[in-house]
Amino acid sequence: MIVWLNGTHGVGKTTTSTLVQQLIPDSRVFDAEKVGETLMDITPGLPETDNFQHWPPWRPLVVETARRVLDYTGGTLVMPMTVLVEQYWREISTGLAQHSIPVRHFVLHADQETLRGRIAGDTVVGPDSWFRLKYLEPYAEAARTWLHGEAEVVDTTHLTPAQAALQIVEAVNG
């Protein structure tokens, strides 16, 4: 099984995924961003883009990597990864379904004011990350048009990461 944690950059997916992993026996965190980083390391580089998700190989490589890891280890993969383009989510979720891999898709959500505050105070990436800020509106648009209808929404506006993780694990186990 895959527990996919979606949501905009800075909402707490990475922190929450670590906590979810600790609460689900025989689980591992697989950050699909590492697949994108591998593609970014190709030299000479792939065609210019502002987001590795736009490269067509990224989506099937995420599916194939997740499938191979699950074939090897079994258990559950906890995948913190922002996917805001509906077509990309369809490619990934369809690919996983073709391999009979069940996916529980969660969106960590917080209101815009809370997100801006978290991004401003981030001590890991650094305060006011332009990268994180530029995805606030695309996230809001995806949430309005398709994303919240495709996932179980966990509103983290007033939750700690530990509370969000517990809510996700209870939903998975419930």
Step-by-step salt bridge (Lys or Arg N to Asp or Glu O under 4.0 Å) determination, Arg144 to Glu86
CA-CA 12 Å; Arg144 276 192 300 274; Glu86 184 176 10; over 6 Å; no
Check the pair His9, Phe131 against side-chain contact (heavy atoms from CB on, under 4.5 Å), reporting the backbone distance first and the verdict last.
CA-CA 8 Å; His9 303 278; Phe131 180 83; 3.6 Å; yes
How far apart are the C-alpha atoms of Thr73 and Arg28, what are their side-chain angles, what is the distance that settles it, and do they pass the side-chain contact (heavy atoms from CB on, under 4.5 Å) test?
CA-CA 9 Å; Thr73 64; Arg28 292 165 177 74; 3.7 Å; yes
Show the numbers, then the answer: is there a side-chain contact (heavy atoms from CB on, under 4.5 Å) between Val154 and Leu5?
CA-CA 10 Å; Val154 177; Leu5 303 185; over 6 Å; no
Please lay out, stage by stage, how Glu64 and Arg59 fare under the test salt bridge (Lys or Arg N to Asp or Glu O under 4.0 Å).
CA-CA 9 Å; Glu64 187 63 15; Arg59 280 98 58 197; over 6 Å; no
Test side-chain contact (heavy atoms from CB on, under 4.5 Å) applied to Ile2 and Leu70, step by step
CA-CA 9 Å; Ile2 290 174; Leu70 286 171; 4.0 Å; yes
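Between Met81 and Trp4 there is a side-chain heavy-atom pair separated by less than 4.5 Å. Looking at Trp89 and Leu84, their side chains never come closer than 4.5 Å, going by heavy atoms from C-beta outward. Looking at heavy atoms from C-beta onward, Arg132 lies in side-chain contact with Val125 at the 4.5 angstrom threshold. Counting only heavy atoms from C-beta outward, the side chains of Asn51 and His54 approach each other to under 4.5 Å. Annotation: side chain of Leu46 is in contact with side chain of Leu39 (closest heavy-atom distance under 4.5 Å). The shortest side-chain heavy-atom distance between Glu152 and Val107 does not fall under the 4.5 Å cut-off. Contact check for Thr82 versus Val11: no side-chain heavy atoms found under the 4.5 Å cut-off. In this structure, Leu159 and Gln167 have side chains that are in contact, with non-hydrogen atoms separated by less than 4.5 Å.
Side chain of Trp58 to main chain of Ala32: a donor-acceptor pair is present (N/O by atom type, distance under 3.5 Å, no hydrogens or angles). Side-chain atoms of Lys13 come within 3.5 Å of backbone N or O of Gly7 as a donor-acceptor pair. Judged by distance alone, with hydrogens and angles left aside, the side-chain atoms of Trp55 form a donor-acceptor pair with the main-chain N or O of Pro47 at under 3.5 Å. Put simply, the side chain of Arg104 never gets that close to the backbone of Ala151: no donor and acceptor are under 3.5 Å apart.
Residues Leu23 and Pro25 approach most closely at O-CD, 3.6 Å, considering heavy atoms. Thr15 approaches Pro161 most closely through the heavy-atom pair CG2-CB, 3.7 Å. Taking every heavy atom of both residues into account, Thr16 and Gly12 meet most closely at OG1-O, 2.8 Å. Pairing each heavy atom of Leu96 with each of Ala66, the nearest pair is CD2-CB, 4.2 Å.
With rounding to the nearest 0.5 Å, the separation of CE in Met1 from OG in Ser27 is 11.5 Å. The NE2 atom of His158 sits 11.5 Å away from the CD atom of Gln163 when rounded to the nearest 0.5 Å. Taking CG of Leu115 as the reference point, atom OG1 of Thr157 lies at 7.0 Å (rounded to 0.5 Å). The line from OH of Tyr135 to OG of Ser129 is 10.5 Å long, rounded to the nearest 0.5 Å. The structure places CG of Asn6 at 9.0 Å from CD1 of Ile92, a figure rounded to the nearest 0.5 Å. A distance of 8.5 Å separates OG1 in Thr156 from CG in Asp111, rounded to the nearest 0.5 Å.
Residues Phe52 and Trp130 fall within the same hydrophobic cluster, defined by Ile, Leu, Val, Met, Phe, Trp and Tyr side chains chained together at heavy-atom separations under 4.5 Å. Under the 4.5 Å side-chain heavy-atom criterion for grouping Ile, Leu, Val, Met, Phe, Trp and Tyr, Ile24 is not connected to Leu77 through any hydrophobic cluster. A continuous path of Ile, Leu, Val, Met, Phe, Trp and Tyr side chains, each step under 4.5 Å between heavy atoms, connects Met79 with Val69, placing both in one hydrophobic cluster. Hydrophobic clustering places Val62 together with Ile42 (ILVMFWY residues linked when any side-chain heavy atoms are closer than 4.5 Å, directly or through intermediates). Hydrophobic clustering (ILVMFWY, side-chain heavy atoms < 4.5 Å, transitive): Phe30 and Val83 are in one cluster.
Under the 4.0 Å criterion applied to side-chain N and carboxylate O atoms, Glu113 and Arg116 are not assigned as salt-bridge partners. Electrostatic pairing of Arg118 and Asp122 does not count as a salt bridge here, judged by no charged N lying under 4.0 Å from a carboxylate O.
Just one residue in the list Val3, Ile168, Val29 forms a side chain to side chain contact (heavy atoms under 4.5 Å, CB included) with Ser17, and that residue is Val29.
Between Tyr139 and His109, the ring planes lie tilted relative to each other; the angle falls in the 30° to 60° range.
Within 6.0 Å of the NZ atom in Lys34, the count of heavy atoms belonging to other residues, nucleotides or ligands does not exceed 12.
Between the side chains of Thr38 and Asp41, not a single donor N or O lies within less than 3.5 Å of an accepting N or O.
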